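The first residue in the sequence is number 1, and the count goes up from there. None of these values were measured; they are calculated from a predicted model.
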Amino acid sequence: VVASRARAGMLRGLLSRHILRAHTPRSRLHARFASSGRVTPATASQARGPISRRPPTRWVPSLERIFSSPANAQPAAFPACGRPTTPRAASSEDTDMAALPKGEGADALAAQSCADLGACSRDTPRLTPEQIATHARAVPSWRVSEDSTTLARLFTAKNWACAFSFLNDLSRVAEAEGHHPDVHLTNYRDVRIVLTTHAIGGLSMHDFVLAAKLDALDVTYSPKWLRENARDA
């Protein structure tokens, strides 16, 4: 009998506690659990926060910090071999520098100015085959095309830096003269310059004057090309 009464008392206690929970607001239950030091399942999930399915963020170093590091400082020039070097001024002792051969009348051509000849237009005088042949002897490093419409010069520089050094000098001269050639750079150091007067689709005095001026620019040639093309360098 005593055991039956004890079990009945336990059942009544559990039932009353269940009824109390079912009819008590959630905020009051949280307050009761908080005062007792226990953590409810709801508060535990709030503490953890919502479950995120995004992948973890990888740490990426600052690009500014990478490129500002002295170890990653960019060198001044990258020659064809791919190894950074410090550029130096060309001197007369460089064996890869060569003076271009001058033909008769080269100095007279170089002394003229394309600007003085006037801007190129459809009215620009086109040179005759006889005039082209005469002026071509003054710039032997240049080749006249078969149809006598273009004047071209080709060479191989020592490396990428030397090729672009020449092209930068060419750009300044062409801009000052107001006459611009077609420029091609292939195989990282093979330079080809093509002169023509686009407005007339042929050769004019502008082309030979600019050719003579470009021949005065320094070029550091490929030693192999220089040996094989001593006449053109």
Side-chain angles (χ1 to χ4, degrees), residues 90 92 94 96-160 162-233:
S92 59
D94 288 333
D96 302 333
M97 300 286 290
L100 288 173
K102 288 185 179 181
E104 183 181 355
D107 292 333
L109 284 175
Q112 298 185 53
S113 171
C114 293
D116 293 340
L117 295 173
C120 297
S121 68
R122 287 179 295 180
D123 299 327
T124 300
R126 183 169 183 161
L127 297 178
T128 64
E130 293 75 15
Q131 291 173 321
I132 292 174
T134 299
H135 293 310
R137 287 194 290 269
V139 284
S141 299
W142 298 77
R143 297 290 178 267
V144 179
S145 63
E146 292 183 0
D147 57 0
S148 298
T149 58
T150 62
L151 191 64
R153 176 184 165 195
L154 301 85
F155 66 86
T156 300
K158 186 175 183 179
N159 52 44
W160 169 275
C162 294
F164 251 93
S165 176
F166 169 80
L167 294 178
N168 286 331
D169 293 339
L170 177 150
S171 177
R172 285 189 286 270
V173 172
E175 191 67 15
E177 294 297 317
H179 193 59
H180 305 87
D182 295 332
V183 178
H184 308 268
L185 178 61
T186 56
N187 295 326
Y188 74 83
R189 58 176 180 161
D190 291 338
V191 178
R192 181 169 179 257
I193 313 153
V194 181
L195 284 166
T196 188
T197 302
H198 300 90
I200 62 174
L203 293 173
S204 69
M205 279 298 298
H206 296 72
D207 301 307
F208 286 95
V209 169
L210 186 58
K213 291 181 179 293
L214 296 182
D215 283 350
L217 298 177
D218 290 334
V219 183
T220 304
Y221 298 100
S222 160
K224 179 181 178 181
W225 182 90
L226 198 56
R227 288 192 301 268
E228 297 174 353
N229 301 270
R231 175 181 172 277
D232 297 330

Visitor: Can you tell me how far CZ of Arg143 sits from CZ of Arg153, rounded to the nearest 0.5 angstrom?
Guide: 11.0 Å
Visitor: Report, one line per pair, each donor and acceptor closer than 3.5 Å where one atom sits in a side chain of residues 193-207; sequence neighbours left out.
Guide:
residue: Thr196; atom: OG1; partner: Thr149; partner atom: O; Å: 2.7
residue: Thr196; atom: OG1; partner: Gly202; partner atom: O; Å: 3.2
residue: Thr197; atom: OG1; partner: Ser204; partner atom: OG; Å: 2.6
residue: Thr197; atom: OG1; partner: Asp207; partner atom: OD2; Å: 2.8
residue: Ser204; atom: OG; partner: His206; partner atom: N; Å: 3.3
residue: Ser204; atom: OG; partner: His206; partner atom: ND1; Å: 3.3
residue: His206; atom: NE2; partner: Gly118; partner atom: O; Å: 2.7
residue: Asp207; atom: OD1; partner: His179; partner atom: NE2; Å: 2.7
residue: Asp207; atom: OD1; partner: Thr196; partner atom: N; Å: 3.3
residue: Asp207; atom: OD2; partner: Thr197; partner atom: N; Å: 3.4
residue: Asp207; atom: OD2; partner: Ser204; partner atom: N; Å: 2.9

Visitor: Sub-3.5 Å donor-acceptor pair from the side chain of Arg189 to the main-chain atoms of Thr156, do we have one?
Guide: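 Pair absent, no side-chain N/O of Arg189 close to backbone of Thr156.
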Visitor: Nearest 0.5 Å please: distance from the CZ atom of Phe166 over to the CG atom of Leu217.
Guide: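 Atom-to-atom, Phe166:CZ and Leu217:CG are 5.5 Å apart.
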Visitor: Looking at side-chain heavy atoms only, is the closest gap between Leu154 and Asp190 below 4.5 Å?
Guide: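 In short, these two side chains do not touch, never coming nearer than 4.5 Å.
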Visitor: Salt bridge (Lys or Arg N to Asp or Glu O under 4.0 Å) with Arg172: which residues, sequence neighbours excluded?
Guide: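 Per chain and number, Arg172 pairs via salt bridge (Lys or Arg N to Asp or Glu O under 4.0 Å) with Asp169.
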Visitor: Taking ring pair (Phe, Tyr, Trp, His ring centres under 6.0 Å) as the cut-off, I'd like each qualifying pair that reaches into residues 109-133, sequence neighbours left out, listed once.
Guide: none
Visitor: With His180, which residues qualify under side-chain hydrogen bond (donor to acceptor under 3.5 Å, both in side chains), at least two apart?
Guide: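 Testing His180 for side-chain hydrogen bond (donor to acceptor under 3.5 Å, both in side chains), a comparison that skips the adjacent residues, returns Glu175.
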Visitor: Could you pull out the closest heavy-atom pair between Leu127 and Gln131, with the gap in Å?
Guide: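 Heavy atoms of Leu127 and Gln131 come nearest at CA-OE1, 3.4 Å.
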Visitor: Does the side chain of Asp215 come under 3.5 Å of the side chain of Trp142 through a donor N or O and an acceptor N or O?
Guide: yes
Visitor: Parallel under 30°, tilted from 30 to 60°, perpendicular over 60°: which one fits the rings of Phe164 and Trp160?
Guide: tilted
Visitor: Scan the side chains in residues 107-117 for donor-acceptor partners under 3.5 Å anywhere in the protein, sequence neighbours excluded, and list what turns up.
Guide:
residue: Asp107; atom: OD1; partner: Lys102; partner atom: NZ; Å: 3.1
residue: Ser113; atom: OG; partner: Ala115; partner atom: N; Å: 3.2

Visitor: Whether the side chain of Arg126 engages the backbone of Asp123 through a donor-acceptor N/O pair (distance < 3.5 Å, no angle test) should be reported.
Guide: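 Not confirmed, Arg126 side chain does not pair with Asp123 backbone.
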Visitor: Work out which heavy atom in Ala174 is nearest to a heavy atom in Pro181; give both atom names and the distance.
Guide: CB-CD, 3.9 Å
Visitor: Tell me the ring pair (Phe, Tyr, Trp, His ring centres under 6.0 Å) pairs involving residues 116-136, sequence neighbours left out?
Guide: His135-Phe208
Visitor: Any non-hydrogen side-chain atom of Ser165 less than 4.5 Å from a side-chain atom of Asn168?
Guide: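 No - every pair of side-chain heavy atoms lies 4.5 Å or more apart.
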